[in-house]
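In what follows, every heavy atom counts, from backbone to side chain, and hydrogens, waters and symmetry copies are set aside. Order of appearance sets the numbers: ligands from 1, and atoms from 1 within every ligand.
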Amino acid sequence: MRFLKKYFVANWKMNKNLSESLDFLIKLNLIDSKQNIWIAPAFCNIVPIKERFPKLMIGAQNVAYKSHGAYTGEVSAEMLCDIGVDFCIVGHSERRGYFHETDEEIGHKLALIVEAEMVPVLCVGETFEQREKGLTHHILDRQLNLALELVKKKSFDLFIAYEPVWAIGSSKPATKEIVENVLKEIQQKVLSIVPRVNLKLLYGGSVTLDNIDEYLSTDCVDGVLVGGASLELKTFQNFIK
Ligand code: PEP
């Protein structure tokens, strides 16, 4: 075992139907795993996966920004909690980009996730252009301030994934130095906004077998959020060895 008790959060995005999901998890065989393996499958596969693997940490990739009502196609935090969802990803750059989610909406979602007693996995990160213009600090500040605005006084488990947009699915991962510096900055900032949280820090963006050890051996990295590489059984098996 290279590292003990790190977090491996798999974001399957819109991939794997039910039989592919179950097949993957059966072959992954997590019974003796010493790591924290968290899986975020498609909404429609959450219940059957939870039934088959009741101890596995299962997450949703999205949640409604309102608690209930006439919002066709949306799924509330309370509904997710009710079916056994343990954690929920919020603020992913694909949701920010393709679905135009604002920092304010992300703040509402995060508050509803906390209220429903699921663990929020908040994604933050700058675009390539923003980094080039020296705006990384400013962007992270804004994303964190608005995402945490409604939960300032609460005490809860909070996961923050630093996911620079330019590193996601790009084969251009951030260097260990960038990750270390940014996560330290995030840690300081978050604890100044929500001092009572139990904070864990993740890195996400083109994590592969070639670079994962570098991240996991970095001081402030509690784990990784993985997209593409979490879909390949052999790769994921090697990650969590
Ligand atoms: C992601 O989408 O959260 C992600 C980290 O993707 P990838 O690992 O494919 O870069």
Side-chain angles (χ1 to χ4, degrees), residues 3 6-16 20-21 24 28 35-43 45-46 57-63 85-101 103 106 109-110 113 118-128 130-131 136 139-140 143-144 147 158-176 178-180 182-183 186 200-216 218 220-241:
F3 304 97
K6 293 288 184 180
Y7 290 86
F8 299 79
V9 182
N11 176 12
W12 281 355
K13 310 191 184 187
M14 200 170 69
N15 294 294
K16 294 196 189 297
E20 289 163 346
S21 303
F24 182 100
L28 198 56
Q35 307 291 11
N36 294 305
I37 316 297
W38 293 20
I39 306 282
F43 269 141
N45 297 331
I46 289 174
M57 289 290 285
I58 296 287
Q61 300 169 17
N62 185 30
V63 66
V85 169
D86 303 291
F87 71 96
C88 185
I89 297 172
V90 60
H92 193 281
S93 61
E94 286 156 14
R95 302 263 356 142
R96 292 177 191 264
Y98 297 137
F99 304 101
H100 312 294
E101 283 187 11
D103 287 314
I106 289 161
K109 290 184 179 206
L110 191 138
I113 294 167
M118 294 180 291
V119 179
V121 178
L122 170 66
C123 303
V124 294
E126 78 289 0
T127 63
F128 181 73
Q130 288 163 342
R131 171 159 283 273
T136 302
I139 294 297
L140 292 173
Q143 290 177 341
L144 291 170
L158 172 63
F159 280 62
I160 306 240
Y162 172 50
E163 295 214 311
V165 182
W166 46 271
I168 294 180
S170 65
S171 307
K172 293 191 184 101
T175 61
K176 180 184 163 111
I178 291 181
V179 173
E180 196 165 13
V182 173
L183 284 184
I186 288 176
K200 299 281 184 217
L201 297 171
L202 310 176
Y203 167 70
S206 297
V207 174
T208 63
L209 277 175
D210 290 337
N211 59 29
I212 190 165
D213 283 7
E214 227 181 301
Y215 298 123
L216 294 181
T218 303
C220 47
V221 175
D222 295 301
V224 285
L225 176 49
V226 188
S230 74
L231 296 168
E232 300 157 21
L233 182 64
K234 283 272 170 308
T235 307
F236 204 63
Q237 273 168 337
N238 282 315
F239 273 4
I240 63 177
K241 255 187 195 160

Please check: side-chain N/O of Gln61 versus main-chain N/O of Asn11, any donor-acceptor pairing under 3.5 Å? no
Going by heavy-atom distance to atom 1 (C) of ligand 1, choose the closest among Glu94, Lys172, His92. His92
Establish, yes or no, whether a centroid distance under 6.0 Å links the rings of Phe87 and Phe159. no
Quick test of your reading of the structure: of Ser171, Gly227, Ala229, Ala161, whose heavy atom lies closest to atom 7 (P) of ligand 1? Gly227
Is there a donor-acceptor pair under 3.5 Å between the side chain of Asn211 and the backbone N or O of Thr208? yes
Whether Trp12 side chain and Ser230 backbone form a donor-acceptor pair below 3.5 Å: yes
Under 4.0 Å from one or more heavy atoms of Gly169, ligand 1 contributes atoms 7 (P), 9 (O), 10 (O)
Side-chain donor or acceptor of Lys16 paired with backbone N/O of Leu231 under 3.5 Å: yes
May I ask you to check whether Gly228 has an N/O atom sitting below 3.5 Å from an N/O atom of ligand 1? yes
Under 4.0 Å from any heavy atom of Leu225, which atoms of ligand 1 are there? 5 (C)
Just jot down the ligand 1 atoms closer than 4.0 angstrom to any heavy atom of Lys13, in number order. 1 (C), 2 (O), 6 (O)
Residue and atom name of the nearest protein heavy atom (relative to atom 5 (C) of ligand 1), distance in Å to one decimal: Glu163 OE2, 3.1 Å
When rounded to the nearest 0.5 angstrom, what distance separates NZ in Lys176 from OH in Tyr203? 13.5 Å
